[in-house]
Number of protein chains: 2
Amino acid sequence: MADKLTSQEALNLWHQALLSSVRGEGPDLSARQMALFLQVYLAPAPHTVRGLAETLQISKPAVVRALDTLGRLDFTRRKRDQSDKRNVLIQRTVKGSVFLSEFADWVVAASDTL
Amino acid sequence: MADKLTSQEALNLWHQALLSSVRGEGPDLSARQMALFLQVYLAPAPHTVRGLAETLQISKPAVVRALDTLGRLDFTRRKRDQSDKRNVLIQRTVKGSVFLSEFADWVVAASDTL
DNA sequence: CGCGTTCGCTTCGGTGCCGGAATGATCAAA
DNA sequence: TTTGATCATTCCGGCACCGAAGCGAACGCG
């Protein structure tokens with residue numbers, strides 16, 4: 001378990017990790033897109049458009065568009081819920097897991113420099 | 001000084017802090033915009049367009065546009081360098097400092113939940 | 001002086017993304 | 001079987017943003 005971060009440490013951590021991400025070849029995700037991506041991967045399934053919109057407190061069209069973008073990147077995938085065909089379930093992908101793992105490494109590396 | 005974070009802790013930290021940010025009233029900054037913002041506030045001055053483009057490894061027009069956006073938000077300000085009038089120096093603002101402080105609180109709060 | 005270099009900025013055509021409202025599909029209850 | 005609720009998605013007008021290329025202003029060296 002990590003110690004409590006000071007504000008200064010928190011900002012330096014964010015700064016260094018973000019620099020690694022921006023300098024890389026990866027996509028330039030907005031805060032909303034990244035939050036949605038992390039929600040899908042770190043919170044327990046199932047994930048629906050409506051549920052994500054409520055959790056993130058953003059509009060449904062914003063969720064749909066973020067899923068379009070993440071889908072284009074092959075970071076998430078849509079699947080119709082067969083037990084209620086109105087729903088769309090958001091699923092993880094191998095490529096998304098790889099990116100997430102890489103991102104985690106950047107944050108860990110940034111925390112080492114504190 | 002904080003302990004080394006595990007990958008899992010790093011991702012949870014990012015997730016929770018980002019949720020706070022997205023749910024708030026603040027702007028939806030891209031990774032590039034946030035990295036540029038933090039660079040101006042956490043790295044030693046002076047900051048120029050060209051210098052920021054090199055540090056972040058993004059194009060100069062991308063820096064100009066990010067500065068337009070951050071300027072609209074009153075998070076940064078442009079100032080002509082009087083000793084070399086080709087340069088523009090990027091400066092901090094009170095409103096930017098306030099946002100940064102709020103953001104730091106979100107990260108610290110997220111680190112408490114690990 | 002010129003004259004090439006270095007600034008930040010703008011232009012260009014094209015894409016991404018915004019929220020509110022409307023759309024079509026699906027469901028459950030009457 | 002109609003009817004109304006509940007899904008995700010699309011439509012709309014409008015703004016932000018992309019990199020490559022080109023701009024004028026400002027510099028410094030011969």
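No experiment lies behind these values; they were computed from the predicted model shown.
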J.: For A:K60 and D:dC11, what is the distance between atoms NZ and C1' respectively, to the nearest whole Å?
T.: 15 Å
J.: Is the phosphate of C:dC7, meaning OP1 or OP2, less than 4.0 Å from a side-chain N or O of B:R80?
T.: no
J.: To check you understand the geometry: which heavy-atom pair defines the closest contact between A:R80 and A:N87, and what is its length?
T.: NH1-O, 3.6 Å
J.: With sugar-phosphate meaning primed atoms plus P, OP1 and OP2, does A:V64 contact a base, only sugar-phosphate, or nothing at under 4.0 Å between heavy atoms?
T.: base
J.: What's the CG-C1' distance between B:D81 and D:dG28, to the nearest Å?
T.: 15 Å
J.: Between A:R32 and C:dG19, is there a contact of a side-chain N or O with OP1 or OP2 at under 4.0 Å?
T.: yes
J.: Could you tell me whether the phosphate oxygens of C:dC17, OP1 or OP2, come under 4.0 Å of any side-chain nitrogen or oxygen in A:T69?
T.: yes
J.: Is it the case that over 12 heavy atoms from other parts of the model lie below 6.0 angstrom from the NZ atom of B:K95?
T.: yes
J.: Mind checking whether B:V98 and B:V40 sit in one hydrophobic cluster, side chains of I, L, V, M, F, W, Y counted as touching below 4.5 Å?
T.: no
J.: Looking only at the aromatic ring of each residue, does the gap between the centers of A:F37 and A:F99 stay below 6.0 angstrom?
T.: yes
J.: Do B:H47 and B:Q39 pass the side-chain hydrogen bond (donor to acceptor under 3.5 Å, both in side chains) test, and can you show the C-alpha distance, the side-chain angles, and the key distance before you say yes or no?
T.: CA-CA 9 Å; B:H47 301 286; B:Q39 182 69 23; 5.0 Å; no
J.: Just the rounded figure in Å: distance from P of D:dA8 to NE2 of A:H47.
T.: 13 Å
J.: Let me spell it out: for each of A:D28 and A:N87, pick the nucleotide of DNA chain D with the closest heavy atom. Which residue's pick is nearer the 5' end?
T.: A:N87
J.: Round to a whole Å and report the spacing from CG of B:L52 to C1' of C:dG8.
T.: 12 Å
J.: Does B:S30 place a side-chain N or O at less than 4.0 Å from the phosphate oxygens OP1/OP2 of D:dC17?
T.: no
J.: Kindly say whether, by distance alone, the side chain of A:K85 makes a donor-acceptor pair under 3.5 Å with the base of C:dA25?
T.: no
J.: Do A:L73 and B:L18 sit in one hydrophobic cluster, given that two such residues count as connected whenever their side-chain heavy atoms are within less than 4.5 Å of each other, even indirectly?
T.: yes
J.: Compare the minimum distances between each of D:dT9, D:dA20, D:dC7 and the side chain of B:P61, then state the nucleotide with the smallest one.
T.: D:dA20
J.: State whether A:Q33 places a side-chain N or O below 4.0 Å from either non-bridging phosphate oxygen (OP1 or OP2) of C:dC17.
T.: yes
J.: 5'-most contact on DNA chain C: B:V88 or A:A66, nearest heavy atom basis?
T.: B:V88
J.: Please state how far atom CD1 in A:I58 lies from atom P in D:dA8, giving the value in whole angstrom units.
T.: 13 Å
J.: Tell me: CG of A:L29 to C1' of C:dG16, nearest whole Å?
T.: 13 Å
J.: Let me know, please, whether A:R86 or A:D68 comes out on the 5' side of the other along DNA chain D by nearest nucleotide.
T.: A:R86
J.: B:L56 has an atom CG; how far is it from atom P of D:dG19, in whole Å?
T.: 12 Å
J.: Does B:R65 make a side-chain donor-acceptor contact with the base of D:dG19, cut-off 3.5 Å?
T.: yes
J.: For C:dC7, take OP1 and OP2 only and decide whether either is under 4.0 Å from a side-chain N or O of B:T48.
T.: no
J.: Tell me: NZ of B:K79 to P of C:dC7, nearest whole Å?
T.: 19 Å
